[in-house]
Amino acid sequence: MCYTQFLDADGTASGELPDFARDAQELRAMYRLMVTTRLLDRRAVSLQRTGQLGTYASGLGQEAIGTAAGFALRDEDILIPAYRDYAAQFKRGVPLQNVLLYWAGDERGMAYEREPARHDFPLSVPIATQVPHAIGVAYAIRLRRQPRVVLACCGDGATSKGDFYEAISCAKVWDLPIVFLVSNNQWAISMPVARQTGAQTLAQKAIAGGMPGEQVDGNDVLATRHVLARAIARARDGGGPSLVEALTYRLHDHTTADDARRYRAEDEVQAAWARCPIKRYKAWLEAQGHWDAAAEGALAAEAAAEVEAAARAYLGQPADPPEAIFDSLYAELPRALRWQREQVRARGPLGDGH
Amino acid sequence: MCYTQFLDADGTASGELPDFARDAQELRAMYRLMVTTRLLDRRAVSLQRTGQLGTYASGLGQEAIGTAAGFALRDEDILIPAYRDYAAQFKRGVPLQNVLLYWAGDERGMAYEREPARHDFPLSVPIATQVPHAIGVAYAIRLRRQPRVVLACCGDGATSKGDFYEAISCAKVWDLPIVFLVSNNQWAISMPVARQTGAQTLAQKAIAGGMPGEQVDGNDVLATRHVLARAIARARDGGGPSLVEALTYRLHDHTTADDARRYRAEDEVQAAWARCPIKRYKAWLEAQGHWDAAAEGALAAEAAAEVEAAARAYLGQPADPPEAIFDSLYAELPRALRWQREQVRARGPLGDGH
Amino acid sequence: MPDLTLIEAVNLAMHSEMARDGDVVVLGEDIGRNGGVFRATVGLLDKFGPERVIDTPLAETLVAAMAIGLSTQGLRPVAEIQFSGFLYPCVDQVVNHAARYRNRTRGRMSCPLVIRAPNGGGIHAPEHHSESLETTFAHMPGLRVVAPSTPARAYGLLLAAIRDPDPVVFLEPTRCYRLFKQPVEDDGEALPLDACFVDREGGDLTLVSWGAMMHDTRQAADRLAEEGIAAEVIDVATLKPLDMDTILASVAKTGRCVIVQEAARAGGWASEISANLAEHGLLSLFAPVMRVSGYDTVMPLARLERAYLPDVERILAEVRKVFEIAPKS
Amino acid sequence: MPDLTLIEAVNLAMHSEMARDGDVVVLGEDIGRNGGVFRATVGLLDKFGPERVIDTPLAETLVAAMAIGLSTQGLRPVAEIQFSGFLYPCVDQVVNHAARYRNRTRGRMSCPLVIRAPNGGGIHAPEHHSESLETTFAHMPGLRVVAPSTPARAYGLLLAAIRDPDPVVFLEPTRCYRLFKQPVEDDGEALPLDACFVDREGGDLTLVSWGAMMHDTRQAADRLAEEGIAAEVIDVATLKPLDMDTILASVAKTGRCVIVQEAARAGGWASEISANLAEHGLLSLFAPVMRVSGYDTVMPLARLERAYLPDVERILAEVRKVFEIAPKS
Ligand SMILES: Cc1ncc(C[n+]2csc(CCOP(=O)(O)OP(=O)(O)O)c2C)c(N)n1
Ligand SMILES: Cc1ncc(C[n+]2csc(CCOP(=O)(O)OP(=O)(O)O)c2C)c(N)n1
Ligand SMILES: [Mg+2]
Ligand SMILES: [Mg+2]
């Protein structure tokens with residue numbers, strides 16, 4: 001099974017770096033995205049801890065994968081995210097506050113307005129069920145002879161589910177332009193990957209579908225972007241689907257409703273921090289002369305301001321009126337349901353009698 | 001991918017034959033089962049054509065697999081059949097007429113009374129859904145420290161379904177004593193296996209679960225029995241699950257309700273007849289001196305009589321009384337449903353007012 | 001106007017709509033070369049080619065999920081599920097995704113898809129081929145559920161279903177696929193998806209049904225007519241959203257109602273209609289609302305399926321109870 | 001007798017029955033080391049070991065299918081599905097196999113299994129965590145469906161469900177997991193699976209509900225009592241098979257009935273109960289049977305879920321309509 005890594009845990013590079021690694025501006029943009037994503041993540045957790053947000057699924061430690069995916073995709077491509085691929089969503093134009101809105105329990109968090117996110121899928125909470133949607137999306141692309149690719153994301157736990165398999169098994173039948181991205185963060189809530197599957201790698205599940213599968217160090221943003229970009233390019237060129245297993249680690253509890261100390265050892269988590277994707281990338285950027293303390297200071301201020309603005313925007317956005325629960329159900333509310341909407345509307349804002 | 005064949009299409013043997021191939025009586029019993037199964041199959045089709053049976057799924061051309069499975073299993077093992085594994089079921093004590101009863105639309109066709117069939121599963125019409133039952137059955141076996149193995153059967157089409165995959169993916173996690181037997185008869189109704197999957201073999205799907213997979217010539221009863229027996233023995237000895245893909249061909253229409261001429265070429269079918277499992281096995285038995293024209297004549301008469309008796313038994317068995325539709329629904333019919341049973345009973349036999 | 005069976009009308013609707021709208025694609029198991037196990041898709045492959053007539057691998061969850069993916073891209077997928085019992089693996093995708101994408105993205109995405117399947121028994125089919133699933137889907141918000149009872153309605157309602165901007169589960173009465181013919185004009189006219197059909201007017205009793213049971217219900221009405229009882233017969237072909245207005249108006253007139261469904265009794269759609277009558281029509285009822293239904297047992301295999309299925313006699317028996325309690329004055 | 005929350009009572013029942021019967025095993029996602037995402041299985045792994053407390057891979061179809069396989073071998077599996085929306089991938093296995101093995105083998109095989117899951121909303125949970133699935137299962141022949149509303153009933157009914165020789169879908173009211181405590185005796189006594197509980201007697205009105213909505217229904221009854229209206233309160237904890245006798249007897253006495261369910265209105269279990277009243281209790285009704293229910297829209301996310309959920313005010317509003325039409329004499 002092929003495994004790609006350019007940057008080791010200390011940020012020391014080996015192997016021949018891909019072309020994009022020569023574009024300092026782009027490299028810095030990637031770094032910015034990772035840092036901003038982490039900051040937003042922290043903010044979300046603290047909002048939750050202070051009762052200002054619902055249950056939140058943190059992406060802590062997985063920022064490189066989303067960033068790599070975001071930068072590997074073209075605008076015309078379509079992202080089908082799982083629920084920790086925030087960085088990819090941000091890169092594609094999902095405002096930071098949408099993530100907060102969503103986990104606050106507001107459907108408008110998924111009403112992405114900006115391109116290209118506007119034609120992406122919203123995150124999916126049911127595990128793996130979103131993956132076979134890629135088959136239909138990619139089929140539509142093919143039918144229309146469009147040079148587009150679908151990136152279908154899921155976690156390691158998701159690879160146990162029939163939906164995941166039915167998709168990878170079908171993708172190769174029609175050689176559809178899909179890249180399946182499995183973020184193997186080693187845990188599915190309390191289930192470690194070794195008890196999730198008897199397979200030595202998740203990448204080898206591709207073999208069941210007859211397509212290529214490979215592993216990449218998902219904490220190495222350069223390697224992950226490179227491997228994804230290559231798979232995406234192959235798919236775009238008619239080379240068919242493939243599967244990328246990105247190895248990473250879930251540094252946070254499963255969600256804010258979880259307490260991972262119940263089932264995993266603290267030293268495993270500590271060891272994983274040593275492989276932090278941001279730390280190693282920063283070290284490499286600095287070594288390349290692309291980054292320094294001044295840049296870091298400026299970014300810290302910028303990102304903090306951006307995250308703060310997002311939090312404020314979220315906190316300041318009042319809930320929709322109650323009758324909104326009917327307004328996007330069908331293209332037009334059927335006659336038979338109008339009295340229900342009216343009943344809700346007549347009761348007035350939530351809190352007043354509801 | 002390992003592929004085993006002892007007998008070629010002409011019945012010429014190669015390789016070192018397994019031990020059981022020295023037991024002439026057993027070899028003849030296997031032949032008898034194949035021939036009887038085919039004869040029953042013919043009779044079922046003709047009963048259907050004359051309006052005396054419902055839709056029937058023929059096992060024509062697949063007799064070697066069921067026979068091999070039946071002989072590879074021990075009595076204490078558990079068979080979870082698909083719907084063409086008649087020979088295995090017969091070997092395990094399912095009376096021939098049960099198959100007719102079942103396809104006539106009578107649940108008693110699945111009320112196997114004899115051991116060991118009494119603890120086997122009935123055939124499953126929903127594709128692949130029976131396969132993950134093996135996980136629970138094998139887990140129970142393990143829990144009780146019993147030296148038993150589960151043989152879970154399905155077709156090539158079934159390997160596209162999530163149920164199949166969830167089972168193979170889980171089996172290895174706990175190293176359960178299960179052998180997954182895929183009868184690859186090249187077709188799933190009108191879908192040839194090449195358009196069913198992009199995988200070069202179905203055996204390689206085992207890799208997704210991290211377990212061994214191999215191919216065998218499913219028209220070679222010696223090879224198939226050998227490969228299955230080896231996989232079963234390994235599972236029994238704690239060696240874990242494996243997958244066997246038995247290559248065969250569906251010589252009949254999908255069912256009597258199907259007309260395969262709509263979607264496959266007659267010469268493909270003709271070519272497949274040349275690989276008939278019975279013909280080649282007979283040739284080999286004869287060459288070994290285990291079989292001759294006299295034996296064939298005697299068997300023909302015996303098998304015909306047995307099949308005829310089964311047909312007569314089936315045709316002579318009146319339907320259950322209508323209220324029987326309530327009598328095995330729950331262990332005891334809930335109070336709330338008694339009036340329904342009484343309503344059906346009061347109407348009397350079907351035909352009189354029903 | 002040619003006389004068509006119901007399955008021919010379904011086939012005609014797909015031919016017609018695929019010709020009219022290049023975004024319509026059909027998919028499912030054995031629907032291409034084989035023309036579908038019930039022959040619903042015959043001729044589509046030859047006319048529209050393998051790109052738009054898609055033989056899928058054997059995986060119903062995938063078929064539903066693929067239809068979702070296609071529909072989000074503005075195509076109009078019509079997915080066939082081969083037999084009713086194999087709709088169950090679609091439930092998760094239909095409920096958790098198809099019925100929700102519009103709502104959960106506040107209108108940004110939508111799933112204009114149709115899932116077609118045969119529904120119900122009575123043709124001595126193998127196991128798991130004869131179930132009635134309308135209520136399983138009709139209970140689910142965000143869906144439409146349609147169950148035509150005649151060739152002409154199958155044609156017009158399928159056109160409507162394909163053109164509808166939201167997901168539609170389209171359940172065809174297996175027993176009526178070839179039971180009778182009817183003139184069907186290929187005029188491209190869709191029928192409304194939110195209105196019951198009043199098949200026959202009458203002032204004494206309202207008979208309500210849908211799908212294959214409409215056949216027995218109409219025969220029961222014929223028998224009642226011979227006895228001088230004028231039944232109003234309502235075909236609830238568009239089960240969800242449910243047009244209660246038509247049913248309530250009828251019961252306001254007749255004061256008596258019998259509802260006929262093939263599905264198991266408990267929690268079936270007849271219960272929904274009856275509950276609406278108990279809520280909004282109680283004061284006009286002269287007699288209890290009777291439900292004639294399948295029993296609360298697993299659909300029997302062929303030999304005993306007639307013991308399960310409602311029939312004309314069972315309908316008449318309930319009607320008689322109604323008139324015993326509330327005789328025609 | 002210790003005071004327990006409902007989730008503690010569920011936990012206690014499993015502890016108790018696993019100790020009593022070595023054939024009982026529990027399985028599901030995160031139920032072992034983690035003790036279940038709602039802590040229902042806390043302590044079981046330590047007490048009964050990893051062979052009987054089985055953390056499964058992430059696959060609900062598999063969990064249901066595995067429970068089927070275990071149960072056919074005479075074990076008594078209790079499978080947990082983590083959140084209600086993830087019951088949908090089980091539907092196929094439960095309906096097409098668990099509910100049928102006994103019937104299709106004419107009694108040779110059986111599936112004495114329990115599938116436990118949280119049911120309903122009201123705790124501001126993430127998407128797909130707040131759905132109400134009782135009718136999806138209760139419509140299916142061959143199953144039992146149970147929905148307890150108090151800790152003591154959760155304990156006694158779960159024991160009964162585990163001991164029952166047939167498959168039981170056991171839906172626990174998520175909102176009540178920690179809402180209140182009640183003394184629960186660990187006496188190993190099962191409660192009957194075929195009888196409603198009459199929580200409070202009254203002659204003016206019958207209030208019928210189950211699961212989390214019992215909480216609001218009881219509060220509504222309190223409010224009505226203040227106004228001098230004596231409501232009889234019935235907890236239909238054993239939804240299927242449905243004990244209509246108790247409800248009919250109550251309505252025969254009160255002449256007025258309001259049914260409260262959290263699930264979407266159309267095709268919910270309230271409709272089944274109401275339809276039975278329209279059929280068997282019509283002549284004793286003074287007023288329409290009103291249903292208070294969730295709306296026919298996708299369960300809203302947390303911010304608007306209260307707009308969807310029935311509450312005391314909505315119950316009282318329907319009760320008032322009943323007394324307007326049929327005033328207390
Ligand atoms: C179908 C389904 N089953 C169960 C859950 C509950 N659940 C939420 S996340 C999760 C684990 C997912 O693990 P993995 O796929 O590895 O993703 P990760 O959370 O590690 O990113 C589970 C079981 C769910 N959301 N969907
Ligand atoms: C879940 C499900 N979907 C569809 C069908 C209809 N159907 C019956 S057999 C069959 C093809 C099965 O192919 P395969 O698994 O190769 O078995 P074979 O018939 O070739 O033995 C199909 C699609 C079914 N029985 N179950
Ligand atoms: Mg994970
Ligand atoms: Mg096949």
Side-chain angles (χ1 to χ4, degrees), chain A residues 1 126-132 135 138-139 154 156-178 180 182 184 188 191-213 235 238-243 245, chain B residues 1 126-132 135 138-139 154 156-178 180 182 184 188 191-213 235 238-243 245:
Chain A
M1 198 50 62
I127 299 299
T129 51
Q130 77 281 13
V131 180
I135 299 292
Y139 197 97
C154 68
D156 44 294
T159 67
S160 291
K161 249 184 126 249
D163 307 68
F164 166 79
Y165 171 73
E166 292 190 5
I168 63 166
S169 173
C170 177
K172 182 68 192 168
V173 172
W174 296 317
D175 262 329
L176 293 173
I178 306 175
F180 297 97
V182 178
N184 180 354
M191 181 63 99
V193 71
R195 290 195 294 132
Q196 185 71 247
T197 175
Q200 296 77 2
T201 70
L202 301 177
Q204 78 198 54
K205 292 180 178 251
I207 296 170
M211 67 182 166
S242 59
L243 189 157
E245 175 190 3
Chain B
M1 200 48 64
I127 298 301
T129 51
Q130 77 280 16
V131 180
I135 298 291
Y139 197 97
C154 69
D156 45 292
T159 66
S160 291
K161 250 185 126 249
D163 306 68
F164 166 80
Y165 170 74
E166 293 190 3
I168 62 166
S169 173
C170 178
K172 183 68 191 164
V173 172
W174 296 317
D175 262 331
L176 294 173
I178 306 175
F180 297 97
V182 178
N184 179 355
M191 180 63 98
V193 71
R195 290 196 293 131
Q196 185 71 246
T197 174
Q200 297 79 1
T201 70
L202 302 178
Q204 78 198 53
K205 293 182 178 250
I207 297 171
M211 68 183 166
S242 60
L243 190 157
E245 175 189 4

Asks: Among B/A206, B/G210, B/A203, which has the most heavy-atom pairs under 4.5 Å with chain A?
Replies: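 When all of B/A206, B/G210, B/A203 are compared, B/G210 has the most.
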Asks: Looking at A/Q204, A/R195, A/M211, which makes the most heavy-atom pairs under 4.5 Å with chain B?
Replies: A/Q204
Asks: Let's test your reading of the structure: which of B/Q196, B/K205, B/Q200 forms the most heavy-atom pairs below 4.5 Å with chain A?
Replies: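 Option with the top pair count is B/K205.
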Asks: Distance check, rounded to the nearest 0.5 Å: A/T201 atom OG1 versus A/L243 atom CG?
Replies: 9.0 Å
Asks: Answer whether the closest heavy-atom distance between the side chains of A/D163 and A/V131 falls below 4.5 Å.
Replies: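 Side-chain contact under 4.5 Å: no.
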Asks: Heavy-atom pairs under 4.5 Å with chain B: which of A/A194, A/A167, A/G162, A/G240 has the most?
Replies: A/G162
Asks: Which residues satisfy the salt bridge (charged side-chain N to carboxylate O under 4.0 Å, His left out) test with A/D156, sequence neighbours excluded?
Replies: none
Asks: Rounded to the nearest 0.5 Å, how far does OH of B/Y165 lie from OG of A/S160?
Replies: 6.0 Å
Asks: Identify the two heavy atoms, one from B/E245 and one from B/L202, that lie closest to each other, and give their separation to 0.1 Å.
Replies: OE1-N, 2.9 Å
Asks: Taking C-beta and beyond as the side chain, do A/T197 and A/T159 meet within less than 4.5 Å on heavy atoms?
Replies: no
Asks: On a heavy-atom basis, which atom in A/C154 and which in A/F164 lie closest, and how many Å separate them?
Replies: SG-CD1, 3.9 Å
Asks: By number, which residues in residues 169-178 of chain B have some heavy atom less than 4.5 Å away from chain A?
Replies: B/S169, B/K172, B/V173
Asks: State, to 0.1 Å, how close B/T129 and B/P132 come at their nearest heavy-atom pair, and which atoms those are.
Replies: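 Heavy atoms of B/T129 and B/P132 come nearest at O-CD, 3.3 Å.
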